[in-house]
J.: 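Supplied in structure tokens, the structure appears directly below.
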Protein chains: 2
Amino acid sequence: MHDHGTYPLKDLNLKTTPKRVAILNLLAQESTYISPEEIWRKLKGQFSRVGLPTVYRNLEELAAGGIISKVIHPNRQLYYYFCPNRDHHHHFICVACRRVEDVDYCGMEDVERQVSERIGGRVLSHIVQVNGLCRSCSAKGGNGESTHVGVMK
Amino acid sequence: MHDHGTYPLKDLNLKTTPKRVAILNLLAQESTYISPEEIWRKLKGQFSRVGLPTVYRNLEELAAGGIISKVIHPNRQLYYYFCPNRDHHHHFICVACRRVEDVDYCGMEDVERQVSERIGGRVLSHIVQVNGLCRSCSAKGGNGESTHVGVMK
DNA sequence: TTTTTAAAAGGAAATGATTTCTGTTTACAT
DNA sequence: ATGTAAACAGAAATCATTTCCTTTTAAAAA
Ligand SMILES: [Zn+2]
Ligand SMILES: [Zn+2]
Ligand SMILES: [Zn+2]
Ligand SMILES: [Zn+2]
């Protein structure tokens, strides 16, 4: 789907290993979020030996480095997604088909002001995720899996 | 801390059992988010017999009913919080002391419009959580636990 | 090119929070 | 008071994720 381009793995003190690159390429091909085990199954088609811990380790490192993003899922399992958009933004995920789309919106400036002025605290990070049904899944009328994580009304 | 008032457990087809009420009361006394096991330990001071599954079950039911809210935590464990504010809003959580504060802000109207117009999808729910250090923890200069879940830059 | 070395990977095993199961007990509508 | 579906306890299972330890390897240094 997208090309992940040349990522500064070096800047993150991550060696450019075949496994790591393959994981990144697999993610870049997907337009949906994916689990560590799914990545692992795909990797096994390319390498004779791959350990699941290697996949978990790499996904975590890539996410920590900001190259890929985590998806919050009600079943509490880990899912990751690679998004080529380097500007700050958030995602709309389809709970039925796992498709991920960009949401170019983030009101964190206002929130930070409010936290600073009214609460006296300091914002370190924030989580924003929009769950729903994409166009095609919405048309099919499917409900998908229920998504009740965080505050939702 | 707060009184959870009279909640329409009946409206959710939940019986008013001693355990359930006790859990709700415990949560209402806290100004921080809390784990199922912590609730369980506190419950054991009030009942001779309490099962951990009972706690998990009740917390899940109360959260599904919108009476309490879940907190997204990087260690992937479950945490819950009771907030008496019935208006739609989100939370600022202190990653150091677990304190939770209201954030009266939510740009979901705009997001829904964008999702509808540009993506053609339908929003079912959304997750918004602001992580940081509250006033006192910020003053102490503590860092608290790292919080890297979801998209954060 | 040949070391050198710290990071990366494998694979087996452990972990432990959460869930499932099953046989009682209980809230509450009739 | 009785019936019935919901709740509960307790023990056991689950299973995604981590940990551990040994072997390989990327890539910096010589
Ligand atoms: Zn994106
Ligand atoms: Zn944002
Ligand atoms: Zn609140
Ligand atoms: Zn909102």
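Below, read A as the first sequence line, B as the second, and so on, with proteins coming before strands; counting in each chain starts at 1. Only a predicted model underlies this, so the values are computations on that prediction, with no experimental measurement involved.
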J.: What is the distance from CG of B/Leu59 to C1' of C/dT19, rounded to the nearest Å?
T.: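 My rounded result for the distance is 14 Å.
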J.: Among C/dT19, C/dA9, D/dA7, which nucleotide has an atom closest to any side-chain atom of B/Pro53?
T.: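 Between C/dT19, C/dA9, D/dA7, the one nearest the side chain of B/Pro53 would be C/dT19.
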J.: Nearest to the A/Gln77 side chain among D/dA26, C/dT26, D/dA16, which nucleotide is it?
T.: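 The answer is D/dA16, which lies nearest to the side chain.
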J.: Between A/Arg99 and A/Glu30, does any NZ, NE, NH1 or NH2 come within less than 4.0 Å of an OD or OE carboxylate oxygen?
T.: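 The answer is no: the pair does not qualify as a salt bridge.
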J.: Given C/dA8, C/dT18, D/dA9, which nucleotide is nearest the side-chain atoms of A/Arg20?
T.: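 That would be C/dA8.
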J.: What is the ring orientation for A/His88 with A/His126, classed by angle as parallel under 30°, tilted 30 to 60°, or perpendicular over 60°?
T.: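 Correct class here is tilted.
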J.: Could you say whether B/Leu14 or B/Pro36 is positioned toward the 5' end of DNA chain C, judged by the nucleotide with the nearest heavy atom to each?
T.: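 Result of the comparison: B/Pro36.
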J.: Just compare D/dA5, D/dC8, C/dA7 and give me whichever is closest to any side-chain atom of B/Lys19.
T.: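 Among the listed nucleotides, the one closest to the side chain of B/Lys19 is D/dC8.
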J.: DNA chain C: B/Thr16 or A/Gly51, which has the more 5' nearest nucleotide?
T.: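 Closest to the 5' end, via its nearest nucleotide, is A/Gly51.
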J.: Are any of A/Thr17's side-chain N or O atoms less than 4.0 Å away from OP1 or OP2 of D/dT25?
T.: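 For A/Thr17, the contact criterion (side-chain N or O under 4.0 Å from OP1 or OP2 of D/dT25) is not met.
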J.: Roughly how many Å is it from CG in B/Leu9 to C1' in D/dA5, rounded to a whole number?
T.: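 To the nearest whole Å, that distance equals 17 Å.
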J.: In whole Å, what is the span from the CG atom of A/Leu78 to the C1' atom of D/dC15?
T.: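 To the nearest whole Å, that distance equals 13 Å.
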J.: For the side chain of B/Tyr56, starting at C-beta, report the closest nucleotide among C/dA9, D/dA9, C/dT19.
T.: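 The nucleotide sitting nearest to the side chain is C/dT19.
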J.: Would you name the heavy atoms of A/Val115 and B/Phe92 that are closest together and state the gap between them?
T.: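 Smallest heavy-atom distance, with atoms named: CG1-CE1, 3.6 Å.
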J.: Out of C/dA8, C/dA27, D/dA9, which has the shortest distance to the side chain of B/Val50?
T.: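 For B/Val50, the side-chain atoms sit closest to D/dA9.
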J.: Tell me whether A/Glu112 is salt-bridged to A/Arg122, with the criterion being a basic N under 4.0 Å from an acidic carboxylate O.
T.: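 No, no charged N to carboxylate O under 4.0 Å.
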J.: Quick check on side chain to side chain contact (heavy atoms under 4.5 Å, CB included): which of B/Leu27, B/Val71, B/Ile68 does B/Tyr33 satisfy it with?
T.: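 Only match with B/Tyr33 under side chain to side chain contact (heavy atoms under 4.5 Å, CB included): B/Val71.
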J.: Can you measure A/Arg49 atom CZ to D/dT22 atom P for me and round it to whole angstrom units?
T.: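 Those two atoms, CZ and P, are 17 Å apart.
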J.: Once you round it to whole Å, what is the distance between C1' of D/dA16 and CH2 of A/Trp40?
T.: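 The distance from CH2 of A/Trp40 to C1' of D/dA16 comes to 12 Å, rounded to the nearest Å.
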J.: Rounded to the nearest 0.5 Å, what's the gap from CG on B/Leu124 to SG on A/Cys94? Could you check?
T.: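 Taking CG in B/Leu124 and SG in A/Cys94, the distance rounds to 8.5 Å.
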J.: Quick one: is D/dC8 close enough that its OP1 or OP2 comes under 4.0 Å of any side-chain N or O from B/Asn58?
T.: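 For D/dC8, OP1 or OP2 has a side-chain N or O of B/Asn58 closer than 4.0 Å.
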J.: Nearest-nucleotide wise, let me know which of B/Arg76 and B/Glu61 is further upstream toward the 5' end of DNA chain D.
T.: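 It is B/Glu61 whose nearest nucleotide is closer to the 5' end.
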J.: Output the rounded distance in Å from CG (B/Asn75) to P (C/dT15).
T.: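 Atom CG in B/Asn75 sits about 18 Å away from atom P in C/dT15.
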J.: Measure the distance from CG on B/Leu52 to C1' on D/dA9 and round it to the nearest whole Å.
T.: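 After rounding, the gap between these two atoms is 11 Å.
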J.: Classify B/Arg57 by what it touches in the nucleic acid, base, sugar-phosphate, or nothing, heavy-atom distance under 4.0 Å.
T.: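 Base contact.
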J.: Rounded to whole angstroms, how far apart are CG on B/Leu12 and P on D/dA6?
T.: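 Rounded to whole Å, this separation is 14 Å.
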J.: Contact class for B/Ser35 vs. all strands (heavy atom < 4.0 Å): base, sugar-phosphate, or nothing?
T.: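 If one applies the 4.0 Å heavy-atom cut-off, B/Ser35 turns out to touch nothing in the nucleic acid.
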